[in-house]
Protein chains: 2
Amino acid sequence: MVAQKAKVTIFDVAKASGVSSSAVSYALNGKPGVSDATREKVLQEARKLGWRPNGAAQSLAQSRTRRIGLVLGYDPQLLSVEPYIMRLISGLGSALEERDYSLLIRMSMDDDDDVSILEDWIATGNVDALLLLNLEIGDPRIDLMKANPQMPCLAIADASLTGGLPTLTSDDAGASGTMIRFLASLGHRNIARVAGPEELGHSYIRDAAFSEITTELGIRYRCLHADYTPESGADATKRLLSVTPRPTAIIYDNDVMALAGESVASMKNVSVPDELSIISWDDSFMNVAAHPAITALGRNVLESGRLAAQLMLKLIDGEEVEDVQEPPYELVERDSTGPPPRSKFAAHSQR
Amino acid sequence: MVAQKAKVTIFDVAKASGVSSSAVSYALNGKPGVSDATREKVLQEARKLGWRPNGAAQSLAQSRTRRIGLVLGYDPQLLSVEPYIMRLISGLGSALEERDYSLLIRMSMDDDDDVSILEDWIATGNVDALLLLNLEIGDPRIDLMKANPQMPCLAIADASLTGGLPTLTSDDAGASGTMIRFLASLGHRNIARVAGPEELGHSYIRDAAFSEITTELGIRYRCLHADYTPESGADATKRLLSVTPRPTAIIYDNDVMALAGESVASMKNVSVPDELSIISWDDSFMNVAAHPAITALGRNVLESGRLAAQLMLKLIDGEEVEDVQEPPYELVERDSTGPPPRSKFAAHSQR
DNA sequence: TTGTAAGCGTTATCAA
DNA sequence: TTGATAACGCTTACAA
């Protein structure tokens with residue numbers, strides 16, 4: 001009842017209950033091997049003494065830590081620009097909580113660091129499973145995990161990037177199609193995209209999908225790579241708005257760049273959505289707060305996090321895990337999208 | 001060199017080096033008690049075998065986990081709206097990394113949960129120190145920590161809320177003064193504030209400071225409490241814009257609400273900054289991306305995180321820690337602030 | 001300088 | 001159903 005100052009161990013509980021430490025262990029863990037009477041007695045004494053299992057001892061004995069490891073790339077800019085990570089952590093955390101697991105986080109300063117932290121965790125047994133994010137093409141982490149198949153590991157990425165590791169796949173290609181077709185259905189035939197950094201795995205997937213689908217639909221498409229910051233988004237937008245014929249719609253790979261793009265349009269007196277449609281990849285409060293509110297491709301990141309946690313727990317339990325698809329993207333139509341300016345003539349009206 | 005499948009222990013290293021396990025331990029930990037020759041030999045064999053200390057065993061033997069605990073309130077909305085937490089985590093993580101510490105995170109679903117997670121960590125010894133955020137007035141966590149003085153604990157909050165616990169104080173009162181005086185110097189005599197939830201400790205501090213300072217300066221001040229979401233920010237803005245005489249400047253307690261407020265102004269054809277000045281408390285990419293770009297009160301949250309980490313490490317080392325001040329807020333002037341509309345007449349022009 | 005052995009607090013095996 | 005007792009892998013006091 002009362003929290004004890006001195007640590008109370010199972011031996012204290014054993015003495016108080018008048019039984020051995022092993023009986024106590026069985027009783028406290030709900031395992032067979034003790035009579036109901038002593039079990040009752042032990043539980044009572046344990047509660048009375050305020051006993052709680054020592055984490056390190058438990059980990060040592062069971063080689064199980066009840067922790068899941070996540071290495072975050074140290075890029076304060078990216079980390080704070082992207083609501084994604086925090087939402088993912090929320091989802092992970094809430095699902096882990098249900099199983100009394102916690103999330104162990106370390107920060108890597110560069111890619112080598114990233115790998116060595118993972119190596120450390122694998123070797124020291126400090127976590128029960130690993131979650132891999134932001135895989136790049138030919139990512140060294142994949143080889144590392146293949147060399148250590150005993151460590152459960154889940155990747156969140158397009159399956160083409162994960163080399164056969166258990167994967168929670170994001171449908172970036174499908175989402176690309178959704179957006180292009182949405183714009184096409186509004187009448188747009190000349191669209192542009194302000195993408196994220198080229199070396200990121202999902203940028204690569206998106207790049208490929210966009211090229212393919214726009215070609216297929218006979219839509220003019222132009223892509224500029226930026227770095228997710230408002231400055232880079234504004235910059236790319238300025239360049240795109242000076243191209244002739246000017247694209248009638250721009251898709252931004254994140255919300256900050258979309259907002260920055262909308263600001264540029266406003267400054268240049270390019271009316272949104274009358275003269276220019278804007279879509280943001282990944283939805284957030286920013287899109288709602290903007291004026292006009294920005295149409296966005298949203299996904300339930302929280303649910304992704306929960307799903308990822310559940311899959312890792314399965315892996316830890318030794319179950320087979322098939323690749324699972326993230327909750328699908330959904331287009332949230334707001335006020336920043338509309339038909340292109342009088343289709344045919346738009347291309348001529350500016351020179 | 002090559003990663004081993006089977007776990008290699010100090011006994012393996014001992015056998016390979018032809019010495020005892022304790023000699024190995026001394027050698028590997030750089031402690032005196034072994035000759036340079038054997039130390040050399042042991043280090044060499046350890047590397048050859050790919051030995052790494054087992055985390056659980058080390059924790060058990062030293063009662064030291066090299067982990068710091070952080071409980072996050074599960075409010076996906078707040079967590080993702082606020083770049084603050086992610087930036088703080090980045091700062092914490094980077095400083096902890098330098099000392100090979102990691103961050104253990106759990107998610108609490110409500111206040112009771114919060115306390116019981118902390119209790120659990122204290123009792124099971126799963127972390128070496130705790131970081132407390134978002135303290136409320138009369139927060140139960142303070143009593144908990146006072147009842148367990150053996151657990152190092154740092155609070156990030158105004159010192160008036162932390163009941164004597166080691167504290168990294170944020171100067172919310174001072175910051176309030178900075179903003180009010182800035183607006184006053186521009187000529188504003190009628191300002192409003194869209195605040196965060198009333199029950200939050202720092203809202204309370206800000207509320208008090210604002211009332212006091214505006215009274216002192218003879219400035220008309222009105223405050224509406226919202227909940228950090230764009231909807232609530234937009235709502236509050238609408239109400240404030242319909243008050244007579246209309247405030248000539250609005251301060252928002254976070255950036256999302258500031259952006260939403262700016263959108264409302266734009267919709268109502270209230271020109272920013274000509275007719276209305278806007279300031280955001282806490283700076284982020286949103287403010288830069290907005291149009292007009294939003295003047296904001298920024299602070300180096302990353303540095304706060306690093307500072308907090310260093311203080312906790314000191315506490316863990318048993319050093320005394322005096323209360324420390326967070327890096328100061330700084331006003332970043334952008335395009336959303338300016339003098340009020342022809343002072344005297346502004347109040348009359350609307351009825 | 002070195003090795004032996006006793007913790008650290010559990011879990012789990014094996015006789016009794 | 002019980003209670004010794006041996007892991008788990010490391011640190012460290014104490015002997016040699």
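Naming: A, B, ... by sequence-line order, numbering from 1 per chain. This structure is a prediction, so every number in the text was calculated from the model and none was measured.
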- Task: Could you note down all residue pairs passing salt bridge (charged side-chain N to carboxylate O under 4.0 Å, His left out) where residues 54-77 of chain A supplies at least one of them, sequence neighbours left out?
- Result: none
- Item | Contact under 4.0 Å: B:Ser35 side-chain N or O vs C:dT2 OP1/OP2 | yes
- Any chance you could list the contact pattern along nucleotides 11-16 of chain C? Use B for base contacts, S for sugar-phosphate-only contacts and - for none, protein heavy atoms under 4.0 Å, 5' to 3'. BBB---
- Item | With sequence neighbours excluded, residues passing side-chain contact (heavy atoms from CB on, under 4.5 Å) with A:Lys31 | A:Tyr26, A:Asn29
- Message: Closer than 3.5 angstrom, by distance alone: can the side chain of B:Asn148 be matched with the main-chain N or O of B:Met151 as a donor-acceptor pair?
- Response: no
- Report the distance from atom CG of B:Asn126 to atom P of C:dT10, rounded to the nearest whole Å. 12 Å
- Query: Going by the salt bridge (charged side-chain N to carboxylate O under 4.0 Å, His left out) test, which pairs reach into residues 114-134 of chain A, not counting sequence neighbours?
  - Reply: A:Arg106-A:Asp120, A:Asp114-A:Arg141, A:Asp120-B:Arg52
- Note on the structure: Outermost contacting nts on DNA chain D, any atom under 4.0 Å from chain B heavy atoms, listed 5' then 3', are D:dG9 to D:dA13
- Can you check whether A:Ala57's main-chain N or O pairs, donor with acceptor, with A:Asn54's side chain at less than 3.5 Å? yes
- Just jot down the side chain to side chain donor-acceptor pair (under 3.5 Å) partners of A:Ser116, sequence neighbours excluded, or say none. none
- Message: Quick check on DNA chain C: between B:Leu60 and B:Asp36, whose nearest nucleotide comes earlier from the 5' end?
- Response: B:Asp36
- Message: Applying salt bridge (charged side-chain N to carboxylate O under 4.0 Å, His left out) as the test, list every pair that has at least one member in residues 35-44 of chain A; sequence neighbours left out.
- Response: A:Lys41-A:Glu45
- For A:Glu303, salt bridge (Lys or Arg N to Asp or Glu O under 4.0 Å) partners two or more places apart: none
- Task: Could you tell me whether B:Ser63 contacts a base, only the sugar-phosphate backbone, or nothing, with contacts defined as non-hydrogen atoms closer than 4.0 Å?
- Result: nothing
- Message: Taking any heavy-atom pair under 4.0 Å as a contact, classify A:Arg52: base, sugar-phosphate, or nothing.
- Response: sugar-phosphate
- Query: For the helix from C:dT1-D:dA16 to C:dA16-D:dT1, what is the angle between the axes at its two ends, each from 5 pairs, rounded to 10°?
  - Reply: 50°
- Who pairs with B:Ser90 by side-chain contact (heavy atoms from CB on, under 4.5 Å), at least two apart in sequence or on another chain? A:Tyr74, A:Leu79, A:Met107, B:Leu302
- Query: Which pairs, with at least one residue in residues 304-317 of chain A and sequence neighbours excluded, count as a side chain to side chain donor-acceptor pair (under 3.5 Å)?
  - Reply: A:Ser94-A:Arg306, A:Glu98-A:Arg306, A:Arg99-A:Asp317, A:Ser304-A:Glu326
- Could you check whether B:Ser59 gets within reach of a base, just the sugar-phosphate, or nothing at all, counting any heavy atom under 4.0 Å? nothing
- Message: Once side chain to side chain donor-acceptor pair (under 3.5 Å) is applied, do any residues pair with A:Gln44, and if so which ones, sequence neighbours excluded?
- Response: none
